[in-house]
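First comes the structure, then the notes that go with it.
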Amino acid sequence: MKLQTIVPLQKAEQPIDYSSKMLLLGSCFVENMGERLDYYKFRSLQNPFGILFHPLALENLMERALGDKTYQEDEVFEQNGIWHCFDAHSDLNAHSREALLNHLNQRLQETKAELENTTHMIITLGTAWVYKNIASRKVVANCHKVPQKEFVKRLLTPEEIQSSLARLVDLVQQVNPKANLIFTVSPVRHLKDGFVENQQSKSHLITALHSVLSSRAQSRDVSYFPAYEIMMDELRDYRFYGKDLVHPNELAVEYIWEKFKDTWISPDCYSVMDEVDSVQKGLQHRPFNPDSEAHQTFRKSLRTKITYLQERYPFMKFE
């Protein structure tokens with residue numbers, strides 16, 4: 001008996017392995033995938049400017065990082081004693097203008113260095129709704145709880161999104177033609193925009209993204225992973241959502257991760273991932289008697305496992 005429809009997946013031709021370097025950008029869902037890549041000690045940089053929900057914010061980051069367009073004093077602002085930038089997530093803040101500017105420009109340098117050397121970029125698009133700051137006439141990445149009256153909200157057209165994504169791909173490939181770009185659409189529903197409005201948003205993202213993919217049909221370096229479709233089709237049940245009934249819960253994230261692993265991670269890595277998992281679980285272990293002989297033997301065995309992994313993969317760091 002068939003109890004669910006399964007989204008067909010095709011094995012990646014250039015999969016991720018432990019020699020890969022990854023850059024993860026986009027909505028909060030990309031952080032779910034990033035946490036697992038980090039857990040298994042793959043080399044990756046995740047959202048250097050914090051969560052970025054829409055394509056224009058991602059394109060802007062690429063342009064600034066690769067064009068060495070450093071942030072200036074008039075591009076940051078103070079609110080309630082904290083300094084922010086409309087191009088970055090609210091987590092990227094500081095108590096002084098100088099500190100924030102230094103932080104932003106350092107992140108730009110890190111992003112550029114990663115872009116020039118990355119083998120795989122995972123980009124998750126969250127929404128097509130954007131907010132334009134009236135004073136600056138710029139579309140912002142985050143409103144930072146600035147009063148709504150200072151913004152105009154609008155829905156990006158598929159054509160605008162397509163143009164933005166094509167520009168993003170071109171920027172990356174100009175500095176790193178060997179990079180593999182993996183696009184996804186976040187399965188998180190943005191219901192604060194409205195139920196119908198959320199569906200409009202996702203449909204615009206999907207339409208634009210597949211137009212970009214179609215235009216590069218002969219290229220193997222731009223791909224799509226159907227995280228949104230897996231959530232909507234294979235996991236179409238509220239038991240796979242968190243208490244807010246909007247975000248995928250841990251079980252759903254793990255399910256989609258397993259699909260991503262099967263598609264994009266080389267099977268040659270699986271045994272190493274099992275070793276890393278064993279070490280991670282050992283580090284999380286809390287003994288009843290830390291001074292017992294059995295625990296000391298366990299700790300010695302754990303140190304041996306870590307040393308063995310680090311001899312083969314010196315970039316792996318364990319707490």
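- Taking the centre of each ring, Tyr313 and Tyr308 stay at or above the 6.0 Å mark.
- Inspection of the Glu234 and Tyr255 side chains reveals an N or O donor paired with an N or O acceptor under 3.5 Å.
- Legend: residues meeting side-chain contact (heavy atoms from CB on, under 4.5 Å) with Gln173, ordered by chain and number and at least two apart, are Val169, Arg216, Asp221, Val222.
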Which donor-acceptor pairs under 3.5 Å do side chains of residues 78-85 form with protein atoms, sequence neighbours excluded?
residue: Glu78; atom: OE2; partner: Asn80; partner atom: N; Å: 3.4
residue: Glu78; atom: OE2; partner: Gly81; partner atom: N; Å: 2.5
residue: Gln79; atom: NE2; partner: His144; partner atom: O; Å: 2.9

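- With sequence neighbours excluded, the residues forming a ring-ring contact (aromatic ring centres under 6.0 Å, His included) with Phe298 are His285, His295, listed by chain and number.
- For the residue pair Gln72/Thr70, the side-chain donor-acceptor check at 3.5 Å is satisfied.
- With contacts defined as side-chain heavy-atom distances shorter than 4.5 Å, the pair Asp193/Lys153 qualifies.
- The closest donor-acceptor contact from the side chain of Ser20 to the backbone of Asp17 lies under 3.5 Å.
- Phe183 and Phe225 have their aromatic ring centers separated by at least 6.0 angstrom.
- Cation-pi check for Arg36 over Tyr40 is not met; the charged atom does not lie both under 6.0 angstrom from the ring centroid and within 45 degrees of its normal.
- Residues satisfying the ring-ring contact (aromatic ring centres under 6.0 Å, His included) criterion with Tyr131, sequence neighbours excluded, are absent altogether.
- Between Ile122 and Trp264 the shortest side-chain heavy-atom distance does not fall below 4.5 Å.
- Judged by the 6.0 Å distance and 45° axis criteria, Lys41 is not positioned over the aromatic ring of Phe315.
- Between Asn32 and Val253, the shortest heavy-atom distance links the atoms CB-CG1, 3.6 Å.
- Below 30°, between 30° and 60°, or above 60°: for Tyr18 and Phe42 the angle between ring planes is below 30°, a parallel geometry.
- Looking at Thr184, Leu25, Ile206, Leu58 one by one, the single match for side-chain contact (heavy atoms from CB on, under 4.5 Å) with Leu125 turns out to be Leu58.
- Looking at residues two or more places apart in sequence or on another chain, you find a side-chain contact (heavy atoms from CB on, under 4.5 Å) between Ala252 and Met231, Leu235, Phe240, Pro248, Asn249.
- Residues satisfying the side chain to side chain donor-acceptor pair (under 3.5 Å) criterion with Arg303, sequence neighbours excluded, are absent altogether.
- The six-membered or imidazole ring of Tyr224 lies near that of His210, with a centre-to-centre distance under 6.0 Å.
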